[in-house]
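Reviewing the structure listed below.
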Amino acid sequence: MLDARYSIRSHVGGKLRASDTGEAVTLAGWVHRRRDHGGLIFVDLRDREGLVQCVFDPDASAAAFALAERVRPEWVVKLAGTVRMRPEGTVNANLPTGSIEVLVTSAEVLNTSETPPFEVDAAIETDEALRLKYRYVDIRRPEVLAALTLRDRVTQRFRKELEHRGFLEVETPILTKSTPEGARDFIVPSRLSPGRFYALPQSPQLFKQLLMVGGLERYYQIARCFRDEDLRADRQPEFTQVDIEMSFVRDEDVLSMMEDVMHQVVKEAGIDLHTPLPRLTYMEVMDRFGSDRPDTRFGIELSDLSEAFAASGFQVFAGALASGGVVKGINAKGAGAWSRGRIDALNQLAIDSGAKGLAWIAFTPDGEVRSPIAKFLSEPEMAALRSALDVAPGDLVLMVADAPAVANEVLGTVRLRVADELELPREGHSALWVTDFPMFNYDAEEGRWSANHHPFTRPWDDHLTMIESDPGAVLSYSYDLVMDGLEIGGGTLRIHDAALQRRVLAAMGLDPADTEVQFGFLLEALSLGAPPHGGIALGLDRLVMLLAGKHSIRDVIAFPKTSSGVDPLTGAPDVVAGRQLRDVHLKHD
RNA sequence: GGGGGUGUAGCUCAGUCGGUCAGAGCGCUGGCCUGUCAAGCCAGAGGUCGCGGGUUCGAGCCCCGUCACUCCCGCCA
């Protein structure tokens with residue numbers, strides 16, 4: 001909290017209270033608003049801690065009164081006066097300082113201000129591009145200040161809790177080496193090495209592993225990360241991770257450490273997190289929610305209806321089941337009266353998500369059945385369906401028949417849309433672990449297997465034999481922290497054996513010679529006494545966004561970029577002088 | 001790369017069928033005002049209707065293109 005030490009102030013205006021009555025104070029801050037009554041002027045003085053009403057009365061000081069007639073919003077002023085209780089009936093219950101005011105006896109203008117491009121007022125919603133261009137004005141708004149303050153508290157709490165658990169904070173390089181896997185790198189040309197480039201880190205992943213090899217045992221860093229990919233509300237080209245790594249741990253050690261730390265951290269936002277958190281496997285969340293980051297604050301879980309339709313004469317279902325697929329469905333309770341157009345929109349969403357279509361049966365509130373497919377279903381099948389999905393009048397059943405992965409993913413998408421449309425309450429917070437992700441995904445575009453988390457993830461010990469023979473079946477020691485349907489963090493145990501690391505990279509189709517060039521330093525480190533280790537990285541921006549109740553991480557970043565990666569304040573990125581390009585060997589004439 | 005939304009005064013927005021249609025609130029400037037707190041009252045200034053082109057007797061409105069912002073898909077180990 002702000003105090004008056006080391007400043008031209010004697011007190012912080014926003015912190016004055018009734019107990020300060022009678023104090024002679026010197027304050028400094030911004031003119032928030034001025035109410036000129038002709039013979040008496042009120043100025044709300046604003047500082048980081050809030051507003052305080054300052055009264056200019058010619059009887060107290062003619063000079064100060066004359067100055068108050070000139071001041072304008074956002075002027076920077078220094079005021080001296082006396083704190084006094086407000087007269088009967090003029091208390092402002094909306095302000096923490098509302099029971100007192102400062103009678104000003106002398107005043108000084110420290111700086112004037114042009115009329116600001118928008119008002120510094122929490123009540124007014126302003127175009128975000130304009131806010132970002134004048135972010136330094138925007139930051140004066142209490143809402144922005146509060147978000148940055150919460151971010152500070154969360155960050156400091158992480159530091160404190162990790163410090164108490166024996167972690168050392170270590171900085172890792174920003175100028176580093178491009179790696180072939182993962183996101184597109186930001187690259188930086190080198191002046192001293194013509195034609196060569198640094199890359200900005202996508203995360204400190206390899207360095208934190210090297211710190212474990214270095215015997216640091218417990219490391220953390222509030223680490224800036226860079227990824228040159230398209231932006232989203234929850235994605236910026238540079239963002240911050242709370243990066244953590246531990247030696248001599250099992251996966252449950254990382255999870256329980258993280259739960260203990262998170263329990264303390266979210267207290268900063270007034271949240272009581274009940275630990276241990278639920279732990280669900282990847283298989284289970286995909287099966288039940290159709291998402292690897294499920295929002296469990298509402299129901300509408302997926303049900304497997306394959307058994308109910310095992311002998312179905314309905315070709316769509318029978319065909320899917322015959323080719324190894326499933327029939328799965330959700331019950332959108334209360335959507336039974338939805339219009340055909342509304343349901344068609346869901347069907348289109350399902351098709352866009354990869355399904356051939358969405359089978360639906362509406363059970364209207366007055367007991368009718370409305371459906372293009374009900375006529376193909378037998379009475380026992382309908383009965384089994386009603387029972388499996390707990391159908392009541394007024395419900396809408398939505399089904400997908402397809403390969404399990406497709407059916408799950410499509411219904412997971414439809415589930416979220418339905419919840420939005422039904423305006424199901426998503427209050428409070430739900431946190432959980434998703435564990436045991438598959439080691440590899442098949443990348444159809446590139447025709448090869450790629451790492452699900454990253455290539456340094458340790459496969460299950462008893463799945464090692466399948467790395468070459470059946471990569472898709474290999475599970476890994478991996479875990480994501482999911483809050484309210486957002487991926488807040490993720491981590492793994494790492495491979496600490498050079499030979500195993502080579503096998504995994506080879507399984508991903510990396511040429512052995514390239515492997516040595518790209519990852520030779522890691523493989524060498526693993527062969528020089530690497531301890532078993534693992535860790536996790538939390539997305540600090542996303543976590544604070546969630547705790548602050550914001551919908552974009554831009555709201556919790558001091559100087560964010562627009563969705564095209566531009567900083568409207570500085571104008572970055574921008575052209576540079578030809579001289580600079582020649583220096584780094586990007587231009588030769 | 002693709003799809004949706006938005007763009008009119010400093011800010012937030014309205015603008016009907018293409019024809020008093022350049023408008024409101026806030027802010028700003030000036031005046032009045034000694035208990036307001038989103039002060040009040042009176043007056044005033046303020047416009048490349050994102051930009052370019054087209055259709056039309058006539059375009060803020062219709063058409064084409066383009067730019068910016070934003071949301072989503074792809075992408076983000």
Side-chain angles (χ1 to χ4, degrees), chain A residues 32-46 51-60 65 69 72-74 86-95 97-98 101 103 113-134 137-138 179-185 202-203 205-206 225-237 239 348-349 352-354 413 416-417 437-441 443 445-446 449-457 476 478 487 490-492 504-505 508 510 537 539 551-552 554 561-566 568:
Chain A
H32 184 67
R33 198 168 267 122
R34 190 177 71 112
R35 293 176 294 280
D36 185 346
H37 288 241
L40 189 70
I41 299 173
F42 299 97
V43 167
D44 290 335
L45 185 75
R46 189 186 66 244
L51 301 175
V52 63
Q53 172 165 286
C54 300
V55 185
F56 293 78
D57 187 330
D59 296 338
F65 184 83
E69 288 184 305
R72 291 293 180 268
E74 301 313 309
R86 290 194 186 191
E88 191 80 30
T90 65
V91 166
N92 185 345
N94 298 320
L95 288 181
T97 60
E101 63 188 13
L103 179 64
S113 171
E114 300 291 325
T115 300
F118 50 88
E119 294 168 63
V120 181
D121 190 323
I124 293 172
E125 196 61 46
T126 306
D127 178 66
E128 195 178 352
L130 191 77
R131 289 174 49 201
L132 295 187
K133 181 173 180 184
Y134 299 98
V137 175
D138 192 38
T179 51
E181 282 286 310
R184 194 176 293 113
D185 286 318
Q202 297 176 26
S203 80
Q205 181 61 38
L206 291 174
C225 305
F226 306 86
R227 294 178 189 178
D228 189 7
E229 297 291 347
D230 286 0
L231 282 66
R232 286 283 193 287
D234 61 353
R235 279 171 19 195
Q236 285 269 304
F239 61 99
Q348 191 56 50
L349 177 70
D352 293 344
S353 307
T413 304
L416 290 177
R417 175 68 64 86
F437 285 78
M439 180 70 202
F440 301 104
N441 290 326
D443 185 335
E445 208 169 294
E446 301 215 4
W449 293 92
S450 64
N452 194 335
H453 261 91
H454 54 59
F456 320 110
T457 300
S476 61
S478 50
E487 183 194 328
T492 65
V504 166
L505 291 170
M508 294 167 47
L510 265 76
H551 294 102
S552 167
R554 292 188 298 271
K561 292 172 181 61
T562 68
S563 67
S564 56
V566 168

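A, B, ... follow the sequence lines: proteins, then strands. Residue 1 opens every chain.
Residue A:R131 places none of its side-chain N or O atoms closer than 4.0 Å to OP1 or OP2 of B:U70. For the pair A:T562 and B:A68, the criterion of a side-chain N or O lying under 4.0 Å from OP1 or OP2 is not met.
On a pure distance criterion of 3.5 Å, a polar donor-acceptor pair joins the side chain of A:R232 and the base of B:G74. For a distance-only test at 3.5 Å, the side chain of A:R235 qualifies as a donor-acceptor partner of the base of B:C76.
Which of B:G30, B:C28, B:C75 sits closest to the side chain of A:P73 comes down to B:C28. Side-chain proximity of A:D230 to B:G74, B:C72, B:C69: nearest is B:G74. Among the nucleotides B:C73, B:C28, B:C69, the one closest to the side chain of A:S564 is B:C69.
A:P117 comes within 4.0 angstrom of the backbone, heavy atoms only, and of no base. In this structure, A:S563 reaches the bases: a heavy-atom distance under 4.0 Å links it to at least one base atom across the strands shown. Within 4.0 Å (heavy atoms only), A:R554 reaches sugar-phosphate atoms of the nucleic acid but no base atom.
Nucleotides B:G25 and B:C41 place their P atoms 11 Å apart, quoted to the nearest Å. With P as the reference atom, B:G4 and B:G65 are 12 Å apart, rounded to whole Å. Remark: the separation of the C1' atoms in B:G3 and B:G44 is 47 Å, to the nearest Å. Across the C1' atoms, B:A59 and B:C64 are found 15 Å apart, a figure rounded to whole Å. Here, B:U55 and B:G18 have their C1' atoms 11 Å apart, quoted to the whole Å. With C1' as the reference atom, B:C17 and B:G53 are 25 Å apart, rounded to whole Å. Rounded to whole Å, the separation between the P atoms of B:G58 and B:C13 comes to 33 Å. Rounded to whole Å, the separation between the C1' atoms of B:G15 and B:A22 comes to 9 Å.
By the side-chain contact (heavy atoms from CB on, under 4.5 Å) test, A:L349 pairs with A:S353, A:T413, A:V414, A:R417, sequence neighbours left out. With sequence neighbours excluded, the residues satisfying salt bridge (Lys or Arg N to Asp or Glu O under 4.0 Å) with A:R35 are A:D44. A:R34 pairs by the salt bridge (Lys or Arg N to Asp or Glu O under 4.0 Å) definition with A:D36, not counting sequence neighbours. Shown here are the side-chain hydrogen bond (donor to acceptor under 3.5 Å, both in side chains) partners of A:K561, two or more places apart in sequence or in another chain: A:E238.
Side-chain atoms of A:N92 and A:Q53 include no donor-acceptor pair closer than 3.5 Å.
In this structure, A:K133 does not pair ionically with A:E128, as no charged nitrogen and carboxylate oxygen lie closer than 4.0 Å.
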Report, one pair per line, the protein and nucleotides 12-14 of chain B atoms (nitrogen or oxygen only) whose separation is under 3.5 Å.
| from | atom 1 | to | atom 2 | distance (Å) |
| --- | --- | --- | --- | --- |
| B:U12 | OP1 | A:D127 | N | 2.5 |

Item checked: Nucleotide-resolved protein contact map, nucleotides 35-47 of chain B, B/S/- at heavy-atom distance under 4.0 Å -> BBBSB--------
